[in-house]
Structure formats: C-alpha cells, structure tokens
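Convention: sequence-line order gives letters A, B, ...; per-chain numbering from 1. Since this is a predicted model, take the numbers as computed values, not measurements. We use all heavy atoms of the structure for the numbers below, so side chains are in, but hydrogens, waters and symmetry mates are not.
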Amino acid sequence: MIRRTEIAALIAHPEIGKTYQLMGWVKSFRANRFIALNDGSTMNHFQVVLDLDIIKEEELKKISFHSCIQVTGALAKSQGSGQDFELIATAVTILGDNAPDQYPLQPKRQTMEFLRQKAHLRMRTNTFNAIFRIRHGVAFAVHQYFNDKGFFYLHSPIITGSDAEGAGEMFRVSTLDPQHPPLTESGSVDFSKDFFEHPTNLTVSGQLQAEIGALSMGKVYTFGPTFRAENSNTPRHLAEFWMIEPEMAFHDIDDNMELAEEFCKYLIRYILDHYPDELAFLDARLKEEEKSLPQDKRRALSLIEQLKFVADNDFEKITYTEAIKILQASKPYKKKKFEFPVEWGKDLQAEHERYLVEKHFQKPVIVKDYPKAIKAFYMRLNPNDTEVPGETVAAMDVLFPGIGEVIGGSQREERLELLKGRMKEANIPEEELWWYLELRQFGTAPHSGFGLGFERMVQFITGMSNIRDVIPFPRTPGNAAF
RNA sequence: GCCUCAGUAGCUCAGCUGGUUAGAGCGGCGGACUGUUAAUCCGUAGGUCGUAGGUUCAAGUCCUACCUGAGGCGCCA
C-alpha cells in the first residue's frame with residue numbers, strides 16, 4: 001500500500017525510480033498529457049506526465065483547471081526544460097471534479113477586483129497563494145523576534161469597556177434587542193441591563209493594556225485584531241485589521257525608534273531569507289503589471305531590490321521641526337504644488353510624507369517630536385526647546401515608501417499630574433481611565449511603545465497596492481462577506 | 001464623508017464625432033494532438049451594453065437620478 005507524499009517532501013528528497021502517490025489540484029493540463037500539480041506544500045507546481053498507454057480516456061476528460069486528483073507513478077528525470085523531475089503517472093483518481101462550465105477562475109490574469117468578490121476561491125491562485133504564505137511568514141517572524149528579545153506575548157482584550165482610547169470610531173458590542181432596548185427614565189438606552197452592565201466596544205488598540213503589562217513584566221507585545229468603525233475608503237485602511245503593539249518599560253523615545261527600525265528590518269530580512277520563491281513570483285508579477293505603465297510611473301527598484309535596500313540601510317531620523325524646514329525649502333512648496341499648507345503646528349499630510357520619503361530621502365523616514373496639539377493625550381511632553389516654536393511630545397511615526405505610515409508610537413507620559421492635565425485638555429474624564437492613572441500613581445516608570453499595522457507591512461513586503469488583497473477576508477465599509 | 005473615473009459575453013477588453021443583424025482574445029462545449037510549460041490547431045454556443053427615466057427619426061454612444069466598483073483626499077495602523 002502506497003502512502004501519499006507531500007510535494008515539498010518529494011522535492012526535498014527525490015528518489016529516481018521510486019513510486020510515489022501525490023494528491024493536489026490541477027494548475028494546468030497541457031497537450032492532454034502534462035499536469036502542473038500543486039498540493040499547497042510548496043509555492044511551485046510539480047509536473048506529472050500521464051502514461052497514455054495505461055490511463056483511460058474517460059479519466060482524462062475529467063482532468064481540468066483546479067480539479068483535484070490523486071496520481072500514482074514512478075519519479076523520473078524530466079525530459080522537458082522547465083523542471084528537474086516529473087512523475088510518470090500510471091494511475092489517476094479524480095478526487096474532486098470541477099464543473100469547468102461553471103467555474104469562474106481561469107489560468108490567466110484576472111483583476112483583483114473580480115477575485116475580491118470570490119474570496120473563497122482566490123486563495124487558489126498563484127498570487128494569493130504567495131501572499132498568504134508570506135503573511136504567515138511575517139506573523140511567525142513577529143513572534144520569533146520578540147521571543148528572542150525577551151518580550152512576553154500579552155493577550156489584550158477584544159471587547160473593551162472604555163471608550164476613551166481616542167483612536168477612532170468604535171463598533172458597539174451589545175446583546176440588547178435593537179428593536180426594543182431597555183430605556184432609562186430619561187429615555188436613553190439603559191446599558192446597565194446589557195450583558196456587561198456597561199457600554200462595550202470592540203477594541204481599537206491594545207496599547208493601554210500593554211502598558212499594564214510593561215509596568216510589571218518589563219517588555220511585552222500584543223498581536224491581535226483591532227476594529228475601527230471609520231468610514232475610510234482607501235487602499236490602506238480596513239475596518240478589521242491586525243496590529244502589533246510592543247510596550248517597554250525603561251525605554252525612552254530613542255530606544256523606541258531603534259527597536260522599531262530593527263523590528264521592521266528583521267521582518268523584511270526574514271521573508272527575504274525564507275520565502276524566495278514567493279517573492280520571486282510577486283516580483284515578476286509586478287514587473288509584468290508595470291509594463292503597461294509609462295516609465296515615470298514604474299517603481300525605481302524592483303520589489304526584491306527595494307526590500308533588500310530597506311533591510312540593509314539605516315532609516316532617516318528627523319524631528320517634526322526639521323521636516324517642516326525641509327518641506328518649506330522644497331521645490332513643490334516654492335512652486336505651490338502642495339495642496340495643504342506647510343507650517344509649524346499643522347499635521348504632515350500624505351503629500352508631505354510622500355515627498356520626504358520618496359523624493360527627498362528616498363528611504364524610510366522616522367519623524368519624531370510632533371506638536372503636542374496634534375497628538376494623543378498619553379504622549380510624553382518634551383522639555384522646552386527654545387529652537388522650537390511650540391510645545392512638543394515624544395511621538396514618532398515610521399514612514400515607508402508607497403504606503404506611508406506603517407508605525408506610530410511614542411514615549412508615554414508617566415508623570416501623573418502632567419497626564420491628568422493632558423486628559424483634561426482632551427476632555428477625557430478621569431473616571432474612564434482610573435486604572436490607567438493608577439499605573440502612574442503606584443510605582444510609575446518611564447516607558448515607550450508603538451503600533452505596527454500588520455497588513456501595511458505585508459502590503460509593503462508583497463508589493464500589493466490594495467490592503468484588501470493581503471488579508472484573507474477583508475472587512476471594509478459596506479462589505480463583510482465570507 | 002468629499003472629489004474623480006469606470007460599469008458591453010463567464011473573464012479581460014475594443015466599439016471613432018449618435019446611424020444596418022454588437023466584435024476580439026481567453027474560458028466553456030465538440031474534435032485533433034505521445035514532450036507540453038498561461039501548450040497549440042479546427043469547429044461551435046454564448047450579450048434586454050449596471051438599473052430606472054429622459055432627449056432624438058434613431059442611444060452601447062448624449063442628459064438626469066440611483067446602484068456597484070476603483071483611484072485621490074480626510075480619519076489612522
């Protein structure tokens with residue numbers, strides 16, 4: 001009795017003349033004889049050659065694009081040029097017929113928009129196969145990196161009670177009957193009758209809970225889904241996305257930036273080292289796609305060249321104040337090409353970030369020390385600097401070419417009175433975050449952390465232009481299918 | 001949420017300034033093919049041109065509204 005072999009295992013230890021049994025999906029069927037078979041164990045397809053003296057014609061008829069088959073035969077050196085080995089199949093069993101007259105996918109390029117509507121089938125394509133293999137690899141590398149550095153994986157809650165995290169609109173979580181909710185005497189919904197006896201939401205960030213971890217275990221990170229009910233319609237936003245949030249005691253803003261840079265480079269290097277086939281496929285795909293574009297719209301570096309460049313070169317580190325000076329001295333500013341104003345105190349717009357990253361420095365840039373007025377309440381107030389026009393906080397953003405902000409982070413305000421002051425300015429009631437304030441009241445410590453948008457990193461590494469194509473089941477306004 | 005563009009066969013697209021029975025490639029179906037690499041070759045079916053209304057002798061083509069999708073911007077990761 002022959003047992004099934006995974007294609008990856010066969011390729012790792014091929015034995016010419018040995019009989020193997022393979023199972024997989026037909027990726028192409030050429031000349032009524034040659035099958036490119038894939039079982040998911042590797043990115044690459046394996047060639048099966050049918051022995052036409054033995055295989056019956058009615059079996060042949062059922063072999064079609066993406067049908068599932070089992071083949072048995074001896075391994076041989078390939079006579080063709082595209083591969084080293086092939087299986088000479090003397091028996092074929094159809095495991096899953098494919099109804100080819102109804103099957104929507106084709107062995108040719110189809111648009112991402114069409115495939116998005118077929119999320120249950122798109123993973124069978126070479127492109128999505130490569131993307132989701134890499135997505136797994138990045139997730140694995142995240143844990144590898146932090147474990148090696150002595151961080152602890154902290155599971156922050158998905159359902160949260162506080163609505164003061166300030167990172168965007170939230171999805172309400174409730175078991176109340178939406179038709180007939182219990183009402184208070186004043187006529188508003190009585191959430192004391194709800195499951196948690198309090199209004200609750202899906203989390204927008206695990207940061208505040210991560211700070212609890214950092215102030216006892218030293219170095220922790222969260223890695224989980226987060227939810228934002230913003231009506232954002234862009235290729236860089238999802239309503240449900242995964243975020244990685246390390247939080248470290250005794251780290252200042254510069255330690256924080258150093259870690260962020262090292263972490264980004266580690267993830268990219270890990271994929272370069274472990275997923276060369278997938279990257280080669282995506283690299284070729286991008287080159288093919290850009291053939292139809294004019295020269296100036298194409299990428300300066302190929303996907304793999306760009307990943308190597310980012311992994312091997314230092315990120316540029318500047319302050320917000322320096323960024324404003326660079327922008328005000330720039331050509332587009334002088335020619336009034338920027339749509340939004342550039343002045344100290346105003347937030348950097350996408351067009352400004354893009355100029356700094358893609359034109360001026362041509363590498364990833366970390367901008368720090370932003371004006372206090374445009375940043376969150378928990379960011380640490382910087383000491384006064386007479387060179388700088390106003391008060392700043394120890395915040396930092398990591399900006400990547402093509403996708404913009406991939407990381408946002410800060411040193412946290414650990415001084416109780418200053419934090420209370422910032423909360424008052426931001427109209428956040430102290431009762432909402434009493435526990436967050438107690439972290440400062442009892443044994444406070446300087447600490448820092450950042451949030452990395454997981455899908456944005458996967459987007460950068462795979463070169464995909466729309467974030468909906470790097471998560472298996474994207475959730476966006478008006479769309480939660482599958 | 002705002003702005004712009006698009007919607008023609010199962011898919012990817014063509015259809016010029018409105019004018020006979022709306023085209024191609026791929027895919028499907030039928031057939032050929034014992035060294036193919038998104039195989040190739042021959043034949044064939046398949047479309048109320050996103051929906052509703054309007055202008056006109058005449059609308060896939062012009063106008064209006066709506067629906068769906070994409071891109072840009074904002075919010076951010």
Side-chain angles (χ1 to χ4, degrees), chain A residues 26-36 44-55 57 60-61 64-66 76 78-83 86 88 98-118 125-126 165-169 204-207 225-245 260 285 288 292 338-340 347-351 353-354 374-376 397-400 403-409 450-460 465-469 471 476-479:
Chain A
V26 174
K27 296 296 177 169
S28 77
F29 185 33
R30 298 179 288 265
N32 219 17
R33 192 171 181 210
F34 301 92
I35 295 170
N44 301 316
H45 309 328
F46 188 78
Q47 173 148 295
V48 174
V49 184
L50 301 180
D51 186 332
L52 297 177
D53 295 333
I54 298 175
I55 310 280
E57 190 158 335
L60 282 180
K61 296 230 183 234
S64 66
F65 183 58
H66 283 185
S78 179
Q79 296 171 37
S81 58
Q83 56 283 315
E86 59 196 18
I88 309 298
N98 196 8
D101 54 331
Q102 293 160 52
Y103 191 58
L105 300 193
Q106 288 182 37
K108 68 159 191 176
R109 191 190 156 274
Q110 291 181 291
T111 60
M112 291 295 124
E113 291 79 13
F114 173 72
L115 292 170
R116 239 169 258 155
Q117 295 164 8
K118 314 269 178 217
T125 65
N126 296 332
E165 293 166 42
E169 289 296 311
V204 294
S205 161
Q207 180 201 313
T226 49
F227 308 86
R228 309 242 170 125
E230 301 284 350
N231 191 7
S232 298
N233 293 291
T234 85
R236 299 178 305 281
H237 290 85
L238 291 164
E240 176 181 298
F241 66 100
W242 287 64
M243 192 152 60
I244 298 144
E245 296 177 287
R285 182 187 165 279
E288 188 63 35
S292 60
F338 286 135
E339 190 188 338
F340 291 90
D347 206 356
L348 299 179
Q349 301 295 317
E351 57 179 353
E353 296 179 349
R354 187 157 289 162
I374 58 172
K375 287 290 178 185
D397 284 354
V398 180
L399 311 175
F400 266 32
I403 51 174
E405 185 178 347
V406 71
I407 282 178
F450 62 82
L452 173 104
F454 181 62
E455 282 78 13
R456 290 195 181 165
M457 182 54 85
V458 178
Q459 223 186 326
F460 181 74
S465 52
N466 195 311
I467 200 165
R468 291 162 210 189
D469 299 326
I471 186 166
T476 52
N479 201 336

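- To the nearest angstrom, C1' of B:rG69 lies 8 Å from CD of A:Gln117.
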Walk me through it: do A:Glu86 and A:Val48 pass the test side chain to side chain contact (heavy atoms under 4.5 Å, CB included)?
-> CA-CA 6 Å; A:Glu86 59 196 18; A:Val48 174; over 6 Å; no
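- Using a 4.0 Å heavy-atom criterion, one finds that A:Phe241 contacts the bases of the nucleic acid, with or without backbone contacts as well.
- In this model, the phosphate group of B:rG74 is not approached by any side-chain N or O of A:Asn233 to a distance below 4.0 Å at OP1 or OP2.
- Annotation for A:Ile471 and A:Glu455: closest pair CD1-OE2, 3.5 Å, computed over non-hydrogen atoms.
- When all heavy atoms of A:Thr476 and A:Arg468 are compared, the closest pair comes out as CG2-NE, 3.7 Å.
- Side-chain atoms of A:Glu113 lie closest to B:rG69 of the nucleotides B:rG10, B:rC29, B:rG69.
- Whole-Å rounding puts the A:Asp347 CG to B:rC73 P distance at 14 Å.
- Atom CG of A:Leu50 and atom C1' of B:rC33 are 14 Å apart (whole Å).
- Contact between the side-chain N/O atoms of A:Gln349 and the OP1/OP2 oxygens of B:rG74 is found at a separation under 4.0 Å.
- Rounded to a whole Å, the CG atom of A:Asp469 is 14 Å from the P atom of B:rG69.
- Here the closest heavy-atom approach between residue A:Phe227 and residue A:Val204 is recorded as O-CG1, 3.1 Å.
- Residue order along RNA chain B, read from the 5' end via each residue's closest nucleotide, puts A:Ser64 first among A:Ser64 and A:Val49.
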With both pairing distances under 3.5 angstrom for Watson-Crick or G-U wobble, and | for a partner in another strand, the correct string for RNA chain B is (((((((..((((.....[...)))).(((((.......))))).....(((((..]....))))))))))))....
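- One finds a side-chain N or O of A:Arg116 lying less than 4.0 angstrom from the OP1 or OP2 phosphate oxygen of B:rA70.
- Comparing the C1' positions of B:rG47 and B:rU40 gives an interatomic distance of 28 Å, to the nearest angstrom.
- Atoms CE (A:Met112) and P (B:rG71) sit 12 Å apart, rounded to a whole Å.
- A gap of 10 Å separates the C1' atoms of B:rG60 and B:rG18, to the nearest Å.
- Among the heavy atoms of the strands, none lies under 4.0 Å from A:Ala36.
- What you find for A:Ala260 and A:Val398 is that their closest heavy atoms are CB-CG2, 4.3 Å.
- Comparing the same atom, P, in B:rG71 and in B:rG30 gives a spacing of 39 Å after rounding to whole Å.
- Residues A:Lys375 and A:Asp397 are in side-chain contact: their nearest non-hydrogen atoms beyond the backbone lie under 4.5 Å apart.
- B:rU61 sits 13 Å from B:rU8 when the P atoms are compared, rounded to a whole Å.
- Residue A:Ile407 contributes atom CD1, which lies 11 Å from atom P of B:rA77 at whole-angstrom precision.
- Rounded to an integer number of Å, the gap from NE2 of A:His66 to P of B:rG28 is 12 Å.
- In terms of position along RNA chain B, the nucleotide closest to A:Tyr103 lies nearer the 5' end than the nucleotide closest to the other residue of the pair A:Leu238 and A:Tyr103.
- For B:rG31 and B:rU36, the P atoms lie 24 Å apart once the distance is rounded to whole Å.
- Proximity of a side-chain donor or acceptor of A:Glu351 to a complementary backbone N or O of A:Phe340 within less than 3.5 Å is detected.
- A gap of 12 Å separates the C1' atoms of B:rC42 and B:rC33, to the nearest Å.
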Determine, step by step, whether A:Met457 and A:Leu452 satisfy the side chain to side chain contact (heavy atoms under 4.5 Å, CB included) criterion, reporting the C-alpha distance in whole Å, the side-chain angles of both residues, the deciding distance to 0.1 Å, and the verdict.
-> CA-CA 8 Å; A:Met457 182 54 85; A:Leu452 173 104; 3.9 Å; yes
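- Residue A:Ser232 places no side-chain atom within donor-acceptor reach of the base of B:rC76, judged by atom type and a 3.5 Å distance cut-off alone.
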Quick one: side chains of residues 106-114 of chain A, donor-acceptor pairs under 3.5 Å with protein atoms, not counting sequence neighbours, listed by atom name and distance.
residue: A:Gln110; atom: OE1; partner: A:Gln106; partner atom: N; Å: 3.2
residue: A:Gln110; atom: NE2; partner: A:Pro104; partner atom: O; Å: 3.3
residue: A:Thr111; atom: OG1; partner: A:Phe114; partner atom: N; Å: 3.2

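- Note on A:Thr234: a base of the nucleic acid sits closer than 4.0 angstrom, heavy atoms only.
- A:Asp101 comes within contact range of the sugar-phosphate backbone alone, with a heavy-atom separation under 4.0 Å but no base atom that close.
- Formation of a donor-acceptor pair under 3.5 Å by the A:Arg228 side chain with backbone atoms of A:Leu238 is not found in this model.
- Annotation for A:Val26 and A:Ser64: closest pair CB-O, 3.4 Å, computed over non-hydrogen atoms.
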Going 5' to 3' through nucleotides 36-43 of chain B and flagging B where a protein heavy-atom sits under 4.0 Å of the base, S where only the sugar-phosphate is that close, and - otherwise, we get BBBB----
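- Using atom C1' as the reference point in both B:rG7 and B:rC49, the two lie 10 Å apart (nearest Å).
- With respect to the salt-bridge test (charged N to carboxylate O, under 4.0 angstrom), the residues A:Arg33 and A:Asp51 do not qualify.
- Rounded to whole Å, atom C1' of B:rU68 lies 15 Å from atom CZ of A:Phe114.
- For the P atoms, the distance from B:rG43 to B:rG27 is 16 Å, rounded to whole Å.
- Taking 4.0 angstrom as the limit, A:Lys61 places a side-chain polar atom (N or O) nearer than this to OP1 or OP2 of B:rG31.
- In this model, the phosphate group of B:rC76 is not approached by any side-chain N or O of A:Arg456 to a distance below 4.0 Å at OP1 or OP2.
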